[in-house]
Amino acid sequence: YVDPQRDLGRAQQLATQYNLDSPDVIIFASGTRHKYVRLDEMVDVERDPMGASEGTVKAFKGEGLFLSALETVTEEEPPRVCFLTGHGEHDPEDFDQRTGYSEIARYIKRDNITVEKWNLLERQALPTNANAIVIAGPRKLFTQAEINALEQYLKNKGRLLVMLDPRSHTGLEPFLKRWGVQVDDDVVMRKAGVLLGTELLDVNAVAADYSTHPITAKLTDTNTEFPDTRSIRATQQSEGSATDQPRVTELVKAGPEYWGETDVDSEHPAFNPASD
């Protein structure tokens, strides 16, 4: 038990050791491993529509989260997340505020997860013990050998997070389409009024239409912003056994005033129903 008012030095040491930036967490620690459980993960709160109170607790999920945290800090091998390199991806060791991903890596490491960089072409294989692989904004083409390795990784129940910028061609588009995800070659925009006779366009997509999914469960009535983004969508399922088809969830949709502009080099982009 540490009372910050009686032992400020020890409290500061613990805050640094566990990267604390919020008081509303419980930390399970064993040796060098630790796992965070946040207060907002432990309870489901029903908000007061009138705003007269902070709401009432509908459910407490702490037991399952605590059990999971105990298993995480006592298991033999911590989970591993591998960031692919070699295609101009964002670097989890880069501290640049605009392009670096060190802050994201710090949050991942807080949960007793090992973060590693992995050059697939250099090593000629994907890691056999990666719990997840991240492809963060590649700017160069993947080789067919790399795509084949990713395909096999997913078929072996791997987890893959792919983040693609607009106006970039990576060779991953046909691969993602085989898994039910259509990546459009466009930029999402909408009309934003007229200034001095010139029509303004807004490329900062704002959305609040979420699908039912654990990832979006806490985003109800909350806007999310996606600046300078391309559109993605689920492909239509081909004929065949439904059990063989990937299940795709479109997590969030922008409003009807947005479109995906395919002629981004035009001086005056406008919605064209034949191509956009």
Side-chain angles (χ1 to χ4, degrees), residues 1-2 4 10-11 13-47 54-84 90 92-93 101-118 126-136 150 152-163 179 181 210-222 224 243 246-252:
Y1 180 81
V2 180
R10 175 63 174 151
Q13 177 191 346
L14 289 170
T16 301
Q17 178 180 347
Y18 293 114
N19 290 315
L20 281 176
D21 55 10
S22 169
D24 300 328
V25 294
I26 295 176
I27 304 172
F28 292 80
S30 176
T32 59
R33 301 175 187 170
H34 56 272
K35 168 75 175 177
Y36 288 72
V37 177
R38 300 195 312 272
L39 176 63
D40 60 359
E41 294 175 322
M42 288 187 282
V43 293
D44 282 338
V45 178
E46 184 174 20
R47 302 296 178 187
E54 294 183 358
T56 56
V57 175
K58 293 195 301 181
F60 178 71
K61 302 178 291 185
E63 291 92 340
L65 291 168
F66 293 170
L67 177 60
S68 175
L70 289 169
E71 290 174 343
T72 297
V73 300
T74 57
E75 62 190 3
E76 292 184 7
E77 289 290 334
R80 294 176 70 204
V81 170
C82 290
F83 282 74
L84 291 194
H90 296 279
E93 296 176 359
Y101 270 28
S102 60
E103 187 71 3
I104 295 172
R106 182 176 75 87
Y107 275 95
I108 296 173
K109 292 175 183 176
R110 279 196 349 173
D111 279 337
N112 190 47
I113 298 172
T114 301
V115 174
E116 182 178 353
K117 295 197 295 185
W118 191 276
L126 286 171
T128 57
N129 58 346
N131 298 86
I133 290 175
V134 179
I135 302 175
L150 291 169
Q152 191 58 48
Y153 173 76
L154 282 186
K155 288 179 179 178
N156 292 333
K157 299 183 179 180
R159 298 178 176 91
L160 183 64
L161 173 61
V162 183
M163 294 175 278
W179 284 90
V181 178
Y210 305 102
S211 299
T212 301
H213 193 279
I215 290 176
T216 58
K218 297 176 182 176
L219 294 176
T220 304
D221 298 326
T222 303
T224 47
T243 58
R247 185 178 65 186
V248 179
T249 302
E250 297 177 347
L251 293 177
V252 58

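The structure presented is a predicted model; accordingly, all values stated were derived computationally and were not measured.
Heavy-atom minimum distance, Lys109 versus His34: O-NE2, 4.3 Å. Across every non-hydrogen atom of Thr220 and Ala217, the tightest pair is OG1-O, 3.9 Å. Minimum interatomic distance between Trp118 and Pro127 (heavy atoms only, all atoms of both residues): CE2-CD, 3.4 Å. Scanning both residues, Leu65 and Glu41, for their nearest heavy atoms gives CD1-O, 3.3 Å. Taking every heavy atom of both residues into account, Val73 and Ser30 meet most closely at O-CB, 3.6 Å. Among all heavy-atom pairs drawn from Pro78 and Thr114, the shortest one is CG-OG1, 3.7 Å.
The side-chain heavy atoms of Leu84 and Leu150, taken from C-beta on, include a pair separated by under 4.5 Å. You'll find the side chain of Phe83 reaches within 4.5 Å of the side chain of Ile108, heavy atoms only. In this structure the side chain of Ile26 reaches within 4.5 angstrom of the side chain of Met42, judged on heavy atoms.
Within a 6.0 Å sphere centred on CG of Asn156, other residues, nucleotides and ligands contribute more than 12 heavy atoms.
By the side-chain contact (heavy atoms from CB on, under 4.5 Å) test, Leu20 pairs with Ala15, Tyr18, Val25, Ile27, Tyr36, sequence neighbours left out. With sequence neighbours excluded, the residues forming a side-chain contact (heavy atoms from CB on, under 4.5 Å) with Asp24 are Ser22, Leu39, listed by chain and number. By the salt bridge (charged side-chain N to carboxylate O under 4.0 Å, His left out) test, Arg159 pairs with no residue at all, sequence neighbours left out. In this structure Lys117 satisfies the side-chain contact (heavy atoms from CB on, under 4.5 Å) test together with Thr85, Asp91, Pro92, Glu93, sequence neighbours excluded. For Leu251, the side-chain contact (heavy atoms from CB on, under 4.5 Å) criterion is met by His213, Ile215, Thr216, Thr249, not counting sequence neighbours.
Annotation: the span from Thr74 atom OG1 to Lys35 atom NZ amounts to 12.5 Å, rounded to 0.5 Å. For the atom pair Ile135 CD1 and Leu161 CG, the distance stands at 8.5 Å (nearest 0.5 Å). To the nearest 0.5 Å, atom CZ of residue Phe28 and atom CG of residue Leu70 are 5.0 Å apart.
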Between Met163 and Val134, does the side chain to side chain contact (heavy atoms under 4.5 Å, CB included) criterion hold? Intermediate values first, please.
CA-CA 8 Å; Met163 294 175 278; Val134 179; 3.7 Å; yes
CA sep, side-chain torsions, deciding dist, call: Thr224, Tyr210, side-chain hydrogen bond (donor to acceptor under 3.5 Å, both in side chains):
CA-CA 10 Å; Thr224 47; Tyr210 305 102; 3.2 Å; yes
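Sorted by first and then second residue, the pairs that involve residues 60-71 and meet side chain to side chain donor-acceptor pair (under 3.5 Å), not counting sequence neighbours, are Asp44-Lys61.
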